[in-house]
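Here the structure is a predicted model, which is why all the values come from computation and not from measurement.
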Amino acid sequence: MSLISLMSLISLISPITLTLNTQHSTPTTQMYSNKENVNILTSLLIKEKVTKAVVCPGSRNSPIVHNLCACPEIECYPVTDERSAGFVALGMTLADNEPVVVCVTSGSALLNLAPAAAEAFYQKRPLIIISADRPAQWIDQQDGQTLQQHRALEPNVRKSVTLPEPHNEEERWYCNRLVNEALNAVRLNDGSPVHINVPISEPLFEYNVPKLPDERNIFMLHATTDYFSVREMAADFFRGKKLMIVLGQMIPEFMGNSHEAIKTLKKVAVVLQEKLADDSICPAQPIDEVLKMIGDDEAYRPDHLIYIGGTIVSKRLRQFLRECKCEMSIVVNGIDEFCDTFMHTTEMIQGLPEDVITIFANETEGVKKRDFVTLWDKAFDKALATRKTIKPRFSQMLTVKAFHEKMREEAVDGKLFYGNSSAVRLGNIFSDQYIYVNRGVNGIEGSLSTAVGYAIAHQEEDDVYCVIGDLSFFYDQNALWNESLPPNLSILLPNNGGGGIFRQLPGLERSPYRDSAIAAQHTTTAEGICQTHDIVYLSARNEEELYKNLDKLFNSEEGPVLLEVFTNAEEDAQALKDYYQAF
């Protein structure tokens, strides 16, 4: 080959080679945006040790997204659908119990985060919502993607700030102060969502700053539990004859740290906890079943009650406790919260649940076990024995029961995420493990995205199983439109063609529009969605196929994988009715 020919060949190859190398290499010198408020924010996120950010597309937020991607300390996960992105970030906060950023562009993009913000607020999760905004002078001037963004997510965020675009030292100080205020608020009350709104003027796409500023990071020491006052209250509590402790939704880390204290308290008091507040490997407490058995028997009603943690699923339990006439009724809650769930609160403790439970456990010395505890223990034993004898017909109830039996058989140690409504209620009957579920506001949106977020954050450590009803799944199907979708995700989708919970509401059958309009009856399946997103698809339409494909679900060598189980809504409702008639 001649030298000229060789040079010609090199000239053809070289541009391709250079392009490929650029895609897979990291520049030796990383440049940041020239927007000062963006750089101040980025610097403080790093100092607060934020390591994960979910980023959504847009031009106005591109300086923020560029900075987040440029930081070696922060891992970025692109998600196109903002509503899904908020819940993906929420799931990531559950994985590591650390703050996670979700960043969106200006305009209605921010409003799509409202459901995730509300869920994070009531579930007490540290979600940092960052929105780009247009300059103030263009708001309400019919400029594109422009609306009132400042405080747009209130009251469902702990703190809202809008950063200035600094032009002098005082404005830089103000910007720094606002970011510090927001990032301190995100750790309040065990965790809270905050909203940082960032106006950005054009031009947007200049990345010529070689180094982030060394920003002042303000440390705030938050209020601690008043040990002596709680100790005195505990002494009064243990003077009761019928002691009951109700644990609402809590994260597994708290439950693990409080395991010994809860074990101690169970010796002297009845402790009620659903699988949202129980990380031990044991059968779910048959709370609803016992309440069905005891009816109006006053012997089972507490005289002293303490309620710790978040929401409870059981409507029957809430009603039971509201009807109790307690002499002492204590609520343990976070800062600036006044919560009277059972309508007879006499005392409130502002403090961390873990601290309060430990103090109460330490005060049990010398307290004798009450007959009240024995009474409830016998009722639990009877209900658990009855539960073991029940074999549901082919239904969603059988699907969830078989799923958990298979988990035990395979000795699966995965993380469980449940959708709301019927799904989580069945999980609270059959699960031996802790259940993650969005019970802050109990919405159906975002359940799948939350599981996806957790699976992404822990794809090297945990298998994640999501049990979700059909309406929740299809409503949140964009959770699967995600380049980061991990192989450790498995989905169990009971599909009865509509909102099954609506068939369990007495009186609603009198409406001729129940199925078509209220329960959103449909004939949709997930098969096409799985093909689109390269997810292994399995299906079952009878009991034999259910057990066969559950085996494949747990032993699939590829992932993600989804098992769709088709059931009949009337049979589902009857199976649940038959179950409770046994008690």
Side-chain angles (χ1 to χ4, degrees), residues 272-276 278 282-297 300 312-320 376-409 416 418-433 435 437 439 442 467-472 492-509 514 519 540-544 546-547 550 565-583:
L272 302 184
Q273 51 188 145
E274 297 171 323
K275 279 300 178 179
L276 289 69
D278 180 9
C282 63
Q285 268 188 344
I287 297 172
D288 276 0
E289 295 88 330
V290 168
L291 293 177
K292 172 80 163 40
M293 287 164 45
I294 65 177
D296 297 327
D297 192 338
Y300 291 86
I312 53 177
V313 173
S314 172
K315 188 174 182 179
R316 195 189 298 262
L317 176 58
R318 285 197 300 273
Q319 191 59 39
F320 168 79
W376 271 87
D377 284 345
K378 289 180 178 179
F380 278 140
D381 290 343
K382 182 179 179 181
L384 285 171
T386 302
R387 179 191 286 173
K388 289 179 181 179
T389 67
I390 296 173
K391 173 67 165 65
R393 64 185 71 198
F394 180 68
S395 59
Q396 291 190 347
M397 174 170 270
L398 178 64
T399 299
V400 175
K401 183 176 188 289
F403 170 78
H404 283 285
E405 288 172 346
K406 192 65 179 176
M407 282 195 83
R408 287 191 287 273
E409 181 185 321
L416 279 175
Y418 264 80
N420 266 308
S421 206
S422 296
V424 70
R425 285 168 170 80
L426 293 174
N428 262 330
I429 293 174
F430 296 115
S431 179
D432 286 350
Q433 298 175 231
I435 289 175
V437 58
R439 291 300 290 185
N442 310 353
V467 182
I468 185 169
D470 48 290
L471 292 190
S472 295
L492 178 65
L493 170 57
N495 185 349
N496 62 6
I501 192 87
F502 298 106
R503 293 179 179 271
Q504 300 165 26
L505 303 178
L508 189 54
E509 73 280 358
R514 181 191 67 177
R541 295 181 181 274
N542 54 54
E543 193 169 334
E544 181 182 352
L546 170 64
Y547 285 102
L550 276 173
V565 182
F566 295 94
T567 62
N568 177 277
E570 295 291 350
E571 292 291 301
D572 292 338
Q574 190 60 48
L576 195 66
K577 185 177 180 180
D578 292 344
Y579 176 80
Y580 280 107
Q581 282 180 344
F583 296 93

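Checking N568, T567, D572 one by one against N496, the side chain to side chain donor-acceptor pair (under 3.5 Å) holds for a single residue, D572. When each of K388, R387, R316 is checked for a salt bridge (Lys or Arg N to Asp or Glu O under 4.0 Å) with E289, only R387 meets the rule. Of the options K401, E409, M407, a side chain to side chain contact (heavy atoms under 4.5 Å, CB included) to E405 is made by K401 and by none of the others.
Under the 4.0 Å criterion applied to side-chain N and carboxylate O atoms, R514 and E509 are not assigned as salt-bridge partners.
Remark: D381 CG to K378 NZ distance equals 9.5 Å, nearest 0.5 Å. Between R393 atom CZ and L398 atom CG the span is 11.0 Å, to the nearest 0.5 Å. Interatomic distance, T389 OG1 to L384 CG, rounded to the nearest 0.5 Å: 11.5 Å. In this structure, CD1 in I390 is found 9.0 Å from CG in D578, a value given to the nearest 0.5 Å. Going from atom OG of S314 over to atom CG of L272 covers 9.5 Å, rounded to the nearest 0.5 Å. Interatomic distance, L505 CG to F502 CZ, rounded to the nearest 0.5 Å: 7.0 Å.
Heavy atoms from other residues, nucleotides or ligands lying under 6.0 Å from NZ of K382 number 12 at most. More than 12 heavy-atom neighbours from other residues, nucleotides or ligands sit within 6.0 angstrom of CZ on R408. The local environment of CD in Q581 is crowded, with over 12 non-hydrogen atoms from other residues, nucleotides or ligands closer than 6.0 Å. Heavy atoms of other residues, nucleotides or ligands lying less than 6.0 angstrom from CG of D296 number 12 at most. Within a 6.0 Å radius of NZ in K391, more than 12 heavy atoms belonging to other residues, nucleotides or ligands are found.
Using a 4.5 Å heavy-atom cutoff, the side chains of D432 and H404 are not in contact. At a threshold of 4.5 Å between non-hydrogen side-chain atoms, the residues K275 and C282 count as touching. Within the 4.5 Å cutoff, no side-chain heavy atoms of T386 are placed close to those of M293. Contact of the L426 side chain with the L576 side chain is registered, since non-hydrogen atoms from C-beta on lie closer than 4.5 Å.
P392 and M397 make their closest contact through CG-CG, 3.7 Å (heavy atoms, listed as atom of the first residue, atom of the second, distance). When all heavy atoms are compared, the tightest approach of L276 to V424 is CD1-CG2, 4.3 Å. Taking all atoms of both residues into account, the shortest heavy-atom contact from G498 to D470 is N-OD2, 2.9 Å. In plain terms, the two heavy atoms of L416 and S431 that are nearest each other are CD1-OG, 3.5 Å. Nearest approach of S421 to R439, heavy atoms of both residues: N-NH1, 4.3 Å. Contact record, Q273 with Q285: N-OE1, 2.8 Å, taken as the closest heavy-atom pair.
For the pair N428 (side chain) and E274 (backbone), a donor-acceptor distance under 3.5 Å is absent. Proximity of a side-chain donor or acceptor of K292 to a complementary backbone N or O of F583 within less than 3.5 Å is detected. Judged by distance alone, with hydrogens and angles left aside, the side-chain atoms of N495 form no donor-acceptor pair with the main-chain N or O of F566 at under 3.5 Å.
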Determine, stepwise, if the pair F430 / T399 fulfils side chain to side chain contact (heavy atoms under 4.5 Å, CB included).
-> CA-CA 10 Å; F430 296 115; T399 299; over 6 Å; no
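Note on ring orientation: taking the six-membered ring where Trp is involved, the planes of F320 and W376 are perpendicular (angle over 60°, cut-offs 30° and 60°).
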